[in-house]
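Below you'll find the structure, written out as structure tokens, and then a few comments.
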Amino acid sequence: MRRFPSKLLNWYAENKRTLPWRGHRSPYAVWVSEIMLQQTRVETVIPYFKKWMKTFPTVYTLARASEQDVLNAWEGLGYYSRARNFHKAAKIVVEDHEGKLPRDMTELQKLPGIGRYTAGALASIVFGMDEPALDGNLKRVYARLFDVEAPVNSTEGERLLWEIARENLPTGKAADFNQALMDLGATICLPKNPRCEVCPLAKECKAKARNVQGLRPVKTMKRAMPRYTYAAAAIIKRINGSPCALLVQRPLKGLLGGMWEFPNARVAGDPAEALAPALETAYRLTVRKKRGVQNPLAIVKHAYSHFSVVVHAFLCESALKKTNAALKWIRLKDLEKYPMGKIDRTIARRIINDSRF
DNA sequence: CATCCGTGGTC
DNA sequence: TGACCAAGGAT
């Protein structure tokens, strides 16, 4: 078992993935990648990363950008608080650290959006410091390699795995070592159907020895996510001759915080039945939302069920105002400037291509 | 410490 | 198709 780090590093030298942020001279590029990669697949991140580096090539360009531009660049990636926190952190780095990431684990973790994992990843990859970076891949690999029976998402499992990660870190090689474990986890030590037959560490793997790879890592059960149906409306009126849609900005915190959307409301059962009159010019979508999430715009549901949305747009507007929602009439050709989640962006594109408007 | 936060892919 | 998963962090 002592020799697994060198075996892993040899494997990595031959099999590492070529990724846009690897070998990048700028620490900022690695920072961008680490934030984008939080809970997000590499294939999803790559196009966003490339575009981001053109839009915000340096920490200074990011720091002086508007929040709207930052969210626009992030649109579609999800977990939008990452973009807000990154923006805040860039401002702090520029103002308090002369535009450079601090070479210090504690200072790194003071920056919004940088936790224990990301601090370790930046410290090792950017500065070559001897720091572990325990992400989902490493948790899975180590849980198998050392046959960890404690649930990886339990306090005990977390403590144990961080300890393992630190103990096995080869001095002076943390950058390659951490990334090697990530690549191994992403290409061979897969969550399902791990490819043990081609794994360079198969001989050292305790779970493999006992044939329990499929049972590691152990995880505690999570609650299932319920499905709710929402109805969204395209409320269109002409202002100075150009068609405009009514948009609402969501509260800065919570689901899709700060993003713009079409007025919508949760509906019970079949929305076509509840909103038949309004849906003539509205679009229906099914979305997944967590239990207990309340939509502040439920009041529009009432308005929609009684009036045609186009003819009585003013009524919806006054109903929305009572909720203190930030709403705005936006020219259809300007819709793309307003950051939206995936579903509302889909609606926006459909409206723009709708010959009726 | 449990829950929340998006989206797209997989089996 | 529902459940699970993916380079976590904030609260």
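So that the names make sense, note that chain A is the first sequence line, chain B the second, and so on, each numbered from 1.
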[X] side chain to [Y] backbone, donor-acceptor under 3.5 Å:
| X | Y | answer |
| --- | --- | --- |
| A:Arg140 | A:Cys189 | yes |
| A:Asn72 | A:Lys337 | yes |
| A:Asp147 | A:Lys206 | no |
| A:Asn85 | A:Ser81 | yes |
| A:Tyr48 | A:Glu75 | yes |
| A:Asn178 | A:Glu131 | yes |

Rounded to the nearest angstrom, tell me the gap between atom [atom1] in [X] and atom [atom2] in [N].
| X | N | atom1 | atom2 | answer |
| --- | --- | --- | --- | --- |
| A:Leu134 | C:dA7 | CG | P | 11 Å |
| A:Lys342 | B:dG9 | NZ | C1' | 13 Å |
| A:Leu190 | C:dA6 | CG | C1' | 12 Å |
| A:Lys110 | C:dA10 | NZ | P | 14 Å |
| A:Leu108 | C:dG9 | CG | C1' | 15 Å |
| A:Asn178 | C:dA7 | CG | P | 14 Å |
| A:Arg116 | C:dA10 | CZ | P | 14 Å |
| A:Met36 | C:dG9 | CE | P | 16 Å |

Interatomic distance at [atom1], [N] relative to [M], whole Å:
| N | M | atom1 | answer |
| --- | --- | --- | --- |
| B:dT3 | C:dC4 | P | 15 Å |
| B:dC4 | C:dA7 | P | 23 Å |
| B:dG8 | C:dG9 | P | 23 Å |

- Note on the structure: For A:Lys173 and A:Asp130, the nearest pair of non-hydrogen atoms, with its separation, is N-OD1, 4.2 Å

- Check DNA chain B against residues 37-53 of chain A and give the residues with a non-hydrogen atom under 4.0 Å, in numerical order. A:Gln39, A:Thr40, A:Arg41

- Ordered by number, residues from residues 71-94 of chain A within less than 4.0 Å of DNA chain B (heavy atoms) are A:Gly76, A:Leu77, A:Gly78, A:Tyr79, A:Tyr80

- Give a yes-or-no answer on whether the side chains of A:Gln39 and A:Arg82 include a donor-acceptor pair shorter than 3.5 Å. no

- Query: Does any donor-acceptor pair link the side chain of A:Arg140 with the base of C:dA7 at a separation under 3.5 Å?
  - Reply: no

Just checking [X]: base, sugar-phosphate only, or nothing, at a heavy-atom cut-off of under 4.0 Å?
| X | result |
| --- | --- |
| A:Gly185 | nothing |
| A:Ile125 | nothing |
| A:Thr118 | sugar-phosphate |

- Message: On the nucleotide C:dC5, are OP1 or OP2 found under 4.0 Å from the side-chain N or O atoms that A:Lys192 carries?
- Response: no

- Message: On DNA chain B, compare the nucleotides closest to A:Gly341 and A:Asn153; which residue's is nearer the 5' end?
- Response: A:Asn153

- Message: Quick check: do A:Glu149 and A:Arg216 have side-chain heavy atoms less than 4.5 Å from each other?
- Response: yes

- Message: Rounded to the nearest 0.5 Å, what separates atom CG in A:Leu101 from atom CD1 in A:Ile114?
- Response: 6.0 Å

